[in-house]
Amino acid sequence: ASPIYTDFCTSRPLEREVREVADGSFMMMECPQNRHDSAPEVLAQALWGTYHATSFVDGLDRLMALSANNQVLSTYATLAAALFGENQLPIEWCLLLHKADL
């Protein structure tokens, strides 16, 4: 673990659910369950999609196949866009966003 992580966790121990995510529960082959929509569960599912994805769309497809909710999908999209970069986003999606009346 990094010194920052160690120092932070020594002064403020993580809750069990957060600790499980920090310890890599999302690296399992099966997606962690999201029973209560708690922040650790949402993050674990989003990280699972990111960890197992071969592309931005692949991870999104994996999570959608599991009926992931909007919180998980939006968290995944943020992480995956940062990881894979904007070149991995389907151009059709980007064009739709540019046309949207935000």
Side-chain angles (χ1 to χ4, degrees):
S2 73
I4 294 170
Y5 175 80
T6 303
D7 291 345
F8 180 80
C9 292
T10 301
S11 64
R12 299 178 188 163
L14 298 174
E15 295 290 327
R16 181 189 54 78
E17 294 167 323
V18 177
R19 164 67 65 199
E20 288 173 4
V21 175
D23 286 344
S25 65
F26 60 89
M27 292 186 235
M28 300 180 302
M29 289 306 295
E30 290 187 30
C31 187
Q33 293 193 9
N34 184 354
R35 295 183 187 103
H36 309 291
D37 279 339
S38 68
E41 290 174 336
V42 168
L43 184 58
Q45 281 194 325
L47 285 169
W48 178 88
T50 307
Y51 181 78
H52 292 284
T54 58
S55 69
F56 181 90
V57 175
D58 175 58
L60 191 61
D61 286 344
R62 289 172 186 261
L63 290 168
M64 290 181 72
L66 297 172
S67 300
N69 66 29
N70 287 341
Q71 291 173 304
V72 173
L73 296 174
S74 62
T75 303
Y76 165 78
T78 302
L79 295 170
L83 176 66
F84 293 113
E86 66 183 61
N87 293 337
Q88 283 273 331
L89 299 173
I91 189 68
E92 299 83 11
W93 297 1
C94 295
L95 293 173
L96 286 172
L97 289 173
H98 286 289
K99 290 181 183 179
D101 185 20
L102 304 175

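- Take Glu17 and apply the salt bridge (charged side-chain N to carboxylate O under 4.0 Å, His left out) test, not counting sequence neighbours, and it matches no residue.
- Counting side-chain heavy-atom gaps under 4.5 Å among Ile, Leu, Val, Met, Phe, Trp and Tyr, the cluster of Leu66 also holds Val21, Phe26, Met27, Val42, Leu43, Leu47, Trp48, Tyr51, Phe56, Val57, Leu60, Leu63, Met64, Val72, Leu73, Tyr76, Leu79, Leu83, Phe84, Leu89, Trp93.
- Listed by first then second residue, pairs satisfying salt bridge (charged side-chain N to carboxylate O under 4.0 Å, His left out) with a partner in residues 66-77 number zero, not counting sequence neighbours.
- Applying the salt bridge (charged side-chain N to carboxylate O under 4.0 Å, His left out) test to every pair with at least one member in residues 26-52, sequence neighbours left out, gives no pairs at all.
- Every pair tested for side-chain hydrogen bond (donor to acceptor under 3.5 Å, both in side chains) that includes a residue from residues 79-88 fails, sequence neighbours excluded, so the list is empty.
- Once rounded to the nearest 0.5 Å, the distance linking OG of Ser25 with CD of Gln33 reads 12.0 Å.
- Between Gln45 and Pro32, the closest heavy-atom pair is NE2-O, 3.0 Å.
- Contacts classified as salt bridge (charged side-chain N to carboxylate O under 4.0 Å, His left out) and involving residues 65-82 (residues at least two apart or in different chains) are not found.
- Sorted by first then second residue, the salt bridge (charged side-chain N to carboxylate O under 4.0 Å, His left out) pairs that include residues 59-81, not counting sequence neighbours, are Asp58-Arg62.
- Rounded to the nearest 0.5 angstrom, Glu20 CD and Glu15 CD are separated by 11.5 Å.
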